[in-house]
Amino acid sequence: MAEVRVRFPPSPTGYLHIGGARTALYNWLFARQHQGKMVLRIEDTDEERSTQASIDGIIDGLRWLGLDWDEGPYFQTDHAADHVAAAERLLASGHAYKCFCTKEELEQKREQALAEKRDPGYDGTCRNLGAEECSRREADGQAAVIRFKVPRRPGLLFYNDEVLGRIERAYSDVEDFVIVRSNGKPLYLLSNVVDDIRDRITHIIRGQDHMTNTTRQVLLYEALEAPLPVFAHIPLTLDIQKRKISKRSHGEVVAVQFYQERGFLPWALCNFLALLGWNPGTEQEYFSREELTATFSLDRINRANSVFNFKPGDDKFFTDPKLIAINEHYLRNLDPEQLGALVQPVLEQAGLWDAAYAGPRRSWYLDTLVLIRDRFHTLNDFAEAGRAYFSDQYDIDPKPLAKNILKHPELKTWLPQLAARFAALSNFNLESTETSCRQMADELGIKPGVLINAMRTALTGQLAGPSMFDILITLGQDTVVRRLSRVDHLYAS
RNA sequence: GUCCCCAUCGUCUAGUCAGGUCCAGGACACCGGCCUUUCACGCCGGCAACACCGGUUCAAAUCCGGUUGGGGACGCCA
C-alpha cells in the first residue's frame, strides 16, 4: 500500500483555534498511526489578510500541542506558477474558460437573485463565448477571470466520504466557479488541489464546512487527470448557541494560545479535542499519545456537530468543564518527573524557580508538587495558590484571613507561642508537631482546628490546602517558625 | 431561494450499518452521603435523553417515508 500522506493547510489570517487544532490532531493521529507523513502547508494566497504574526502563532501552537509535521512548512504562494500552469492546461483542454463579467455585474446579479429568492449562482454568461470574441475583448483591454467549466452531464457527481459515506450532488447544482482572479492570481479551490496533487496527499481530513468545496474539487481532480484522494469530513465545533466557532466572534477562549497561557497541559487539550467528535467505542476517556495513536480511526468520527461548552464570563467554567476535568486528571495522575518538567517553566516565569530543584532539592520539589496538586486546576496554580511553598513573598487571601485569623485576636500571641514550641522540637516530624499543637489547644481550652486553620492561613495564605502537618514538614522547621513568629503584619490593617 | 450534512441526558458520547440482551450505558457538570483540622482528592448514591408523526415487523433508539429543528455552503476569501 502506498504511503499515507496527509496535510494541515491553515490560512494565516488569525491564531490557531481549537477547531483547527482538532483538525490538525486528527490528521496527525492518522499519519502517525499509518507511519505516514504529515505536510504543513501555509495557504497564504489571500494577500490582504495573511500575516507573519499568524504564521508564527499557528506554528507555535502546533509545536506546543506536540503535533509535529514531517514536511514543510510549505507556502502556497511559492507555487503560484504551478497553479497558473494548471489553469492554462484546463483552458487548453476545454475544461475552463475566460469570463469577462465584472465584479459589479456579478454582485448585482447575485443580489437580485437573492432578493427574488432565486439561486444566486453564476448564470453562465461567458461560458460559450467564441475564441474570436475572447480575443477581441482581451485586445480591448477587458480583464477576465478563468472559470472552471462544470460538465453539463445528467446524473450525479459523487465521492465516498470516510466519515459520512457516499456524498452526491447533481452536476446542474454546481456553478462554474472561478479558479484564477482577473489579476492572474490563482484561487484556493485550484491552488489547494494542485498542491495536494504535487504533495501526493492521499487523505484529506478537514471540516464539514468544506463539503461544497469538495464536490467542486472532485471535478478539478478529474479534469487534471489526477487520482482522487480519500476524503473525511469531520463535524464542526459549535458554541452553546450552535454557532460555528470562529476567531473573530469568540475571542481568546477558542485560541490554542489561551490554554497555553492559562497553564493547561498540551496533551490534556489534545485528549479533550480528540473526544470532541470521536470516541473509541470503549469507555476509555484518557489516553496516552501512544494509546490514542493506536486507537484512533476515521470511521469512528461522529457525523453530528459538537458543542464546545463554554460560558463567557463564568469564572469557574471559563472553558468547557470537561476540558478542565481532563486537565485536572493529568495534573493529579502524571508521573512526578513529568509534572516537575511542566511546572518548571511556570515557576521560572513567576521568578520562583530555584536551581536546586533540579539538583539537591529535586525530591523535595517533586514531593511538594505531588502534595499540593490535588486542589489545583492548571499549572499556573503552582505559582499562584502554591506560591507560599516556593517563596516567603506571598499574599494572604482576605477570606481566610478574616475567617481563620482576625476572628480570633488572641492568635496574635498564640501563633508566636506555637512557633516557640515548634522551635523547641528536637525532632520536627508529623507526630511531634501534631502532638504539640493539640497539647497547646488543650491547655488553652480551644479546638485544635482554631490553631490548625490559623496556621494554614498564616503559612500558605490559603483557605484550603493539604493536611496541615504535611505542610509543616514540607515547609520545614525554620520556615514554619519564622513565619509563625511574625504575624503582626496580618493585623496591620 | 437552492444544494449538502446532521438529530440519544445540560454538554461530550455508547448503542444505529448486521431490529430483541436498552423501561437506553459511560464521562463531565449538578445534587446528596462517606472520609476529614480546612478545602480538595477518593469512594458510594441520585437527577437527567432516544425531536415529532406515520409505516414495516411478533418486536424499532436502531429499518423506511414525511415533518420539525439545527448546521454548513452558495465570494475575483480560505
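Just so we're clear, the structure is a prediction, and the values are computed from it rather than from any experiment. Here is the naming used below: chain letters follow the sequence lines, and residue numbers restart at 1 for every chain.
- At a threshold of 4.0 angstrom between heavy atoms, the contacts of Met211(A) are confined to the sugar-phosphate backbone, with no base atom among them.
- Rounded to whole Å, atom C1' of C3(B) lies 11 Å from atom CZ of Arg216(A).
- In terms of phosphate contacts, Lys244(A) brings a side-chain nitrogen or oxygen within less than 4.0 Å of OP1 or OP2 of A73(B).
- In the set C12(B), U37(B), G25(B), G25(B) carries the atom at the smallest distance from any side-chain atom of Glu283(A).
- No option in Phe177(A), Tyr97(A), Tyr122(A), Tyr221(A) other than Phe177(A) meets the ring pair (Phe, Tyr, Trp, His ring centres under 6.0 Å) test with Phe148(A).
- Dashed line: the shortest gap from a side-chain N or O of Arg181(A) to OP1 or OP2 of A78(B) is under 4.0 Å.
- Across all strands shown, C3(B) pairs with G72(B); the Watson-Crick or G-U wobble distances both stay below 3.5 Å.
- The number of heavy atoms from other shown groups lying within 6.0 Å of NZ (Lys149(A)) is above 12.
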Requested in this report: May I have the step-by-step check of salt bridge (charged side-chain N to carboxylate O under 4.0 Å, His left out) for Asp196(A) and Arg41(A), ending in yes or no?
Outcome: CA-CA 10 Å; Asp196(A) 283 341; Arg41(A) 186 170 64 227; 2.6 Å; yes
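- In this structure, His83(A) and His79(A) have tilted ring planes: the angle between them lies in the 30° to 60° band.
- Between the CG atom of Leu238(A) and the C1' atom of G70(B) there is a distance of 9 Å, given to the nearest Å.
- With rounding to whole Å, Leu459(A) atom CG is found 19 Å from U37(B) atom P.
- The side chain of Lys117(A) lies closest to G1(B) when the candidates are G1(B), C12(B), A78(B).
- As the counterpart of C63(B), G55(B) is assigned, both hydrogen-bonding distances of the Watson-Crick or G-U wobble pattern falling under 3.5 Å.
- No side-chain donor from either of Ser436(A) and Arg421(A) sits under 3.5 Å from a side-chain acceptor of the other.
- Ranking U37(B), A14(B), G72(B) by closeness to the Asn302(A) side chain, first place goes to A14(B).
- In the interface, the side chain of Ser467(A) is paired with the base of U37(B) through a donor and an acceptor atom under 3.5 Å apart.
- Using a 4.0 Å heavy-atom distance criterion, Arg41(A) is classed as making no nucleic acid contact.
- The separation between Tyr122(A) atom OH and G75(B) atom P is 13 Å, rounded to whole Å.
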Report task. Any chance you could lay out the salt bridge (charged side-chain N to carboxylate O under 4.0 Å, His left out) test for Arg137(A) and Asp140(A), step after step, and finish with the verdict? Result -> CA-CA 5 Å; Arg137(A) 292 203 192 194; Asp140(A) 203 30; over 6 Å; no
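- Nucleotide G45(B): paired with C31(B) (Watson-Crick or G-U wobble, both distances less than 3.5 Å).
- Checking A14(B) for Watson-Crick or G-U wobble geometry (two distances, each under 3.5 Å) identifies no partner in any strand.
- Going from atom CG of Leu371(A) over to atom P of G42(B) covers 16 Å, rounded to whole Å.
- Here the rule is ring pair (Phe, Tyr, Trp, His ring centres under 6.0 Å) with Phe382(A), and of Tyr389(A), Phe376(A), Phe390(A) only Phe376(A) fits it.
- The neighbour count for Asn429(A) CG, taken as heavy atoms of other residues, nucleotides or ligands under 6.0 Å away, is above 12.
- The side chain of Ser182(A) has C76(B) as its nearest neighbour among C76(B), A78(B), G1(B).
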Report task. Take His377(A) and Asn327(A) through the side-chain contact (heavy atoms from CB on, under 4.5 Å) test and state the conclusion after the steps. Result -> CA-CA 7 Å; His377(A) 310 290; Asn327(A) 198 56; 5.8 Å; no
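- Of all nucleotides listed (C12(B), C76(B), U37(B)), C76(B) comes nearest to the side chain of Val145(A).
- If Phe308(A) and Lys242(A) are placed on RNA chain B by their nearest nucleotide, the residue sitting closer to the 5' end is Phe308(A).
- When ring centroids are compared, Phe272(A) and His329(A) stay outside the 6.0 Å threshold.
- Pair assignment for U36(B): none, as no Watson-Crick or G-U wobble contacts are both less than 3.5 Å.
- For the pair Leu275(A) and Ala325(A), nearest-nucleotide mapping onto RNA chain B gives the more 5' position to Leu275(A).
- Ranking A73(B), C74(B), U37(B) by closeness to the Arg438(A) side chain, first place goes to U37(B).
- To the nearest angstrom, P of U11(B) lies 13 Å from CG of Asp239(A).
- Distances shorter than 4.0 Å separate some side-chain N or O of Thr45(A) from OP1 or OP2 on A78(B).
- Distances from the side chain of Asp173(A) to the nucleotides A73(B), U37(B), U2(B) place U2(B) closest.
- A donor-acceptor contact under 3.5 angstrom links the side-chain atoms of Arg49(A) to the base of C77(B).
- With hydrogens and angles left out, the side chain of Arg456(A) and the base of U37(B) share a donor-acceptor pair within 3.5 Å.
- Contact annotation: Arg110(A) reaches the phosphate of C76(B) (side-chain N/O to OP1 or OP2, under 4.0 Å).
- Under 3.5 Å, the side chain of Asn213(A) and the base of A78(B) form at least one donor-acceptor pair of N or O atoms.
- Comparing U21(B) with A7(B), their C1' atoms sit 26 Å apart, to the nearest whole Å.
- Between the base of C3(B) and the side chain of Arg169(A) there is no donor-acceptor pair shorter than 3.5 Å.
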Please write out each protein N/O paired with an N/O of nucleotides 6-10 of chain B under 3.5 Å, distance rounded to 0.1 Å.
none

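- Cation-pi contact between Arg166(A) and Phe158(A): present, with separation from the ring centre below 6.0 Å and deviation from the ring axis of at most 45°.
- If you take CZ of Arg243(A) and P of A73(B), they are 11 Å apart, rounded to a whole angstrom.
- Nucleotides U37(B) and C44(B) place their P atoms 23 Å apart, quoted to the nearest Å.
- Note that Arg22(A) lies in the cation-pi zone of Tyr26(A), set by a 6.0 Å cut-off to the ring centre and a 45° limit from the axis.
- Rounded to a whole Å, the OH atom of Tyr188(A) is 6 Å from the C1' atom of A78(B).
- Figure legend. C9(B) is base-paired to no nucleotide; pairs are counted as Watson-Crick or G-U wobble with both atom distances under 3.5 Å.
- Pair check for C22(B) finds none; no Watson-Crick or G-U wobble contact set falls under 3.5 Å.
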Report task. Go through the steps to decide whether Glu222(A) and Arg153(A) satisfy the test salt bridge (charged side-chain N to carboxylate O under 4.0 Å, His left out), and finish with yes or no. Result -> CA-CA 14 Å; Glu222(A) 181 188 294; Arg153(A) 324 201 250 251; 2.9 Å; yes
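- Within 4.0 Å (heavy atoms only), Pro10(A) reaches no atom of the nucleic acid at all.
- Not one side-chain nitrogen or oxygen of Asn279(A) sits closer than 4.0 Å to the OP1 or OP2 atom of G26(B).
- Taken residue by residue, residues 151-158 of chain A places no heavy atom nearer than 4.0 Å to RNA chain B.
- Comparing the C1' positions of C47(B) and A29(B) gives an interatomic distance of 12 Å, to the nearest angstrom.
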